[in-house]
Amino acid sequence: MSGKWAAAVLSLAVLAPCAVRAQTPPPIPAEEISVEKALKPGPNVFVTTGSWGGAGAIYVFSADDLAYKGDYSTGMQPQFALSPGADTGVVASAFPKRIMYGPVEAIIQKFDVSTLKTQQEATILPKFAQVSPQQGQIQVSSDGSRALVQNATPATSVTVVDLKSGKVTAEVPIPGCWQINLAPDGAHFSSLCGDGSILTVRLGADGKAAGQARSKPIFDVEKDPLFAQSQRVDGDLMFVSYGGVFYRISDKGDTAQLVDTYAFAKAIPGEWTPGGYAIMGYSAPYGIMFVAMHPGARDGGHKDGSEEIWAVDLAHKTVLYRSAAKGLTQIAVSQGKVPLIFGVASHGGGLFRFEVDPTAKFAAKLTHQIALRDAAAVTVR
Amino acid sequence: MSGKWAAAVLSLAVLAPCAVRAQTPPPIPAEEISVEKALKPGPNVFVTTGSWGGAGAIYVFSADDLAYKGDYSTGMQPQFALSPGADTGVVASAFPKRIMYGPVEAIIQKFDVSTLKTQQEATILPKFAQVSPQQGQIQVSSDGSRALVQNATPATSVTVVDLKSGKVTAEVPIPGCWQINLAPDGAHFSSLCGDGSILTVRLGADGKAAGQARSKPIFDVEKDPLFAQSQRVDGDLMFVSYGGVFYRISDKGDTAQLVDTYAFAKAIPGEWTPGGYAIMGYSAPYGIMFVAMHPGARDGGHKDGSEEIWAVDLAHKTVLYRSAAKGLTQIAVSQGKVPLIFGVASHGGGLFRFEVDPTAKFAAKLTHQIALRDAAAVTVR
Amino acid sequence: MTNFFSRVGKQLDDILVSGARSSARRFGRRSALAKLGGFLVGGAVVATLPFDRGFAATGEKPAPIDDDKTCDYWRYCALDGNLCTTSGGSKTSCPVGAEASQVSWVGTCHNPGDKRDYLVSYYDCCGKTPYSGAQFCLHSKGERPGYSMGLHNDINWCMANANKGYHCTVAIVLGVAE
Amino acid sequence: MTNFFSRVGKQLDDILVSGARSSARRFGRRSALAKLGGFLVGGAVVATLPFDRGFAATGEKPAPIDDDKTCDYWRYCALDGNLCTTSGGSKTSCPVGAEASQVSWVGTCHNPGDKRDYLVSYYDCCGKTPYSGAQFCLHSKGERPGYSMGLHNDINWCMANANKGYHCTVAIVLGVAE
């Protein structure tokens, strides 16, 4: 057998374009498979897609037209953070031994956005919170040296990872508190707590907890709880409540301080409230906070998709414009001269792009939309 | 803090129904969570659901009304075999380290059907063929002591597993051949080969290959290839060709022998051909082969879903009846007095139940149907 | 906004006063604490207390209201997940081969059948591939972010189990929420 | 039934006669063997042969026919999978960060643009989560079960790669099928 088949093996390796080149038009020449080396240039928008039964992904789309560019594979229930330069992604996810059961291996992966290649993989604590992708579950210091990940057993804690060494430096218990709001220098973080206070945890250069302090109650968990999302506004943290009140918090000191509140929805008829998961996006150049809003406030309606996006001028405490925007549950705002709002409709499965006109009261106009199953969180710089 | 919160912990442990029993109607008493201990009694039908991105499952439905009963979790691309008594399932699947990448751990799992509990887990070769769920990728001897699994790298081989010890006893190369047709005693198996021959491999009591022989060419791979599915008919193996010809093969001797062919579709106008993946189901008590058929033969149409199920009397070489049955790509037939045909529409996503009337030329009537995403293979006893 | 917490607070007082006994069901008290909108205190509290549930079998059961295979069934007012009633289980039982979650979250739901509000505890069933035909529901009455963990329904409540794969969710009546 | 094999046989003869050189592209010859409807002979054959593809860059490319993001595009006549053209790649390139499969299957497809039949090799791109928005296609012209492995499209052609997760499929022209 071997002689005959060895000959066949050789002969079969010679598949190649054949000699019909004399004809017109010439036949398609033999092609070669290749692999795209880098994402097409241009700004990107990132969508985290989770799964309860298998691999998740960070999808990368063109911020210009929502053209799909590529994805980075993750384990189950990924949580994603993007570097300030938008060139590096950091994602935490879970890999159970038998997918649906068995011991969990939770890891952080750092990847290069342009090549979608893994740069680093570090094991974190398996108690990593398996929660639908949302803001503040993972945070990275602006120099990229430190990552923090939310845990829940359901007792809550935060895993601190030194991304230089790839080692976990600490697990910081944050009993009764939730969501990581890391200061840009990575030296301390704040979390919302179930008694309405805010916990501030300081971290040493060694990545271990160096002290913590809880503020007085700042918000009312019963009457008007805060969404677990923040935006950084002139160095402060801005939260929004179920009822539509901005809470501006200074996290600079040892203890978080309430700077201001602003009930931006109060004067507008229709019982409008924010709804979704990441419902605020801030345009720093213009000082405008965009909020996903829907009318008809009701208990349990805080995850309902949007009917409108409101542009709120924080300096002048004015709702400048209300743009139509259906079904969004997460939004993110780019920081350019023409602010772009990207929205995900996680209940329906879609990704949307809006252009904002700063000369028209920050009206937002839908320019692109695509269907996108399991879209859960959206990130842009 | 601790004293205060310790008291709260105690107080909160006393949640219980409270004393409103005096009112009418009495309130719902406090309930307790439980876990169903065993599947509801009655015959079952099994659907293998695969995934290219995560966990698969063996779904169990009532054979009476397609009521969903429960599932057994698997890894990626499961291949399923059922014990003759329908009380034990054996499934092979793959668990890659990072789900979408990394080294593959392939395992066989044996589970008790009534409790859906794993009885055994055995590691097999990671070269296990990752193919859409189909017949003959895993086979178990009738005494349950031996399992065989198809491999492909793409070179093909068969892993032999001793289910008593849980150990792999052999990897048997079957170059150019595919699909395992195990003799009930587990002592030999046959595979279809790319030159139209059939390979017979004998296995020793030690689970190692004890000899193999290839038949003369029996079918024409170019002109009328066989589907990779067989049914056991009076001790022989029955295959069917793309064009609608039954090939009856004796696998009893050292070398497979062609017993008979029967071009059952030839005389019927409309260019009817079988289509799908597992397109035959045999009722042994009645000697009737049911085949999923569609009209308008075309190259590439061999996976098209059915338009009809044909009841073919093998003894009299007669097509007895043609029942309407849309979109089926896999069928399986129960062995009772009233044969039941279960069909899966893998392209559309559905599970269907038909009752056959032996007094009406084995006409099949649709009695139940459900939508079922990712349904890929159906098994019944 | 809901007055969930004030109601729970009142019920808690009632329970303390009435001396009702604690439940032996399978949620850890850590979770029970969380359920009541509280703060997790850290550290494991694993002991369970004895519970006399003899009377539980005697009460006349109200006639079933609505269809517990649909999202609108009253018990599901704060449920985010697949219904176990459509996954081979029931509204109080996990499917064969699944594990009940060790911890759970709660909601307060109005039963139109007897016009009472009930405290409902949602347990996830764990360790199995979800059934693709299961009914998925999302209701969030009284739901809170993870700082009120016991009211949070975005998280995998199989988190305290050895096998954490999410399968489906049941809705267990804890008692009347006065 | 198709005459795929007789065509391939003829082409093979032509190639042998014409002395065309072998391809250095990344399919193993084991697979190339399989492609031609053959039997796998077992044992690894890893060496590749040199190939002069200088002329490949000179030929005038025919104008694109149809839309290669849709299943009806002519090259996809035996493709079962997600189109890489809708997954961040092209009809001949894997998306960024994916791996090209080491082995592949073939089909013979008719190009309505130049009225020729072409041998098309389908490679899977591997190691990444599929994009949920990708176009899935199933065409099986000339397809055969696994006994003609090189024509079989039900199997994961990432099987010979270290990273076997299926992502999407490209369609590479090998040459005219005379």
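Side chains are part of it too, since the values below use all heavy atoms of this structure and drop only hydrogens, waters and symmetry mates. Residue numbering restarts at 1 for every chain, and letters A, B, ... go by the order of the sequence lines.
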> Parallel under 30°, tilted from 30 to 60°, perpendicular over 60°: which one fits the rings of A/Tyr68 and D/Tyr131?
Replying inline: parallel
With a 4.5 angstrom heavy-atom cut-off, is it the side chain or the backbone of [X] that approaches chain D, or both, or neither?
X: A/Tyr72; result: backbone
X: A/Tyr59; result: side chain
X: A/Lys117; result: neither
X: A/Ala55; result: both
X: A/Thr74; result: backbone
X: A/Asp71; result: both
X: A/Ser51; result: neither

Do you know which of [options] has the most heavy-atom pairs with chain A at a distance under 4.5 angstrom?
options: D/Ala134, D/Ser132, D/Gly97, D/Gly127; result: D/Ser132
options: D/Cys125, D/Gly88, D/Ser93; result: D/Ser93
options: D/Gly133, D/Ala98, D/Ser87; result: D/Ser87

> Within the distance-only criterion (no hydrogens, no angle test), does the side chain of D/Thr129 pair as donor or acceptor with the backbone N or O of A/Gly56 below 3.5 angstrom?
Replying inline: yes
> Hey, is the main chain of D/Gly89 close enough, under 3.5 Å, to the side chain of A/Glu36 for a donor-acceptor pair?
Replying inline: no
If you look at every heavy atom in [X] and [Y], which pair is closest and at what distance?
X: A/Leu116; Y: D/Lys128; result: CD1-NZ, 3.9 Å
X: A/Ile33; Y: D/Ala100; result: CD1-CB, 3.6 Å
X: A/Lys37; Y: D/Val96; result: O-CG1, 4.2 Å
X: D/Val173; Y: A/Pro29; result: CG1-O, 3.9 Å
X: A/Ile28; Y: D/Trp74; result: CD1-CZ2, 3.5 Å
X: D/Asp114; Y: A/Pro25; result: CB-CG, 4.1 Å

> Is there a side-chain contact between D/Val170 and A/Glu31, using heavy atoms and a 4.5 Å cut-off?
Replying inline: no
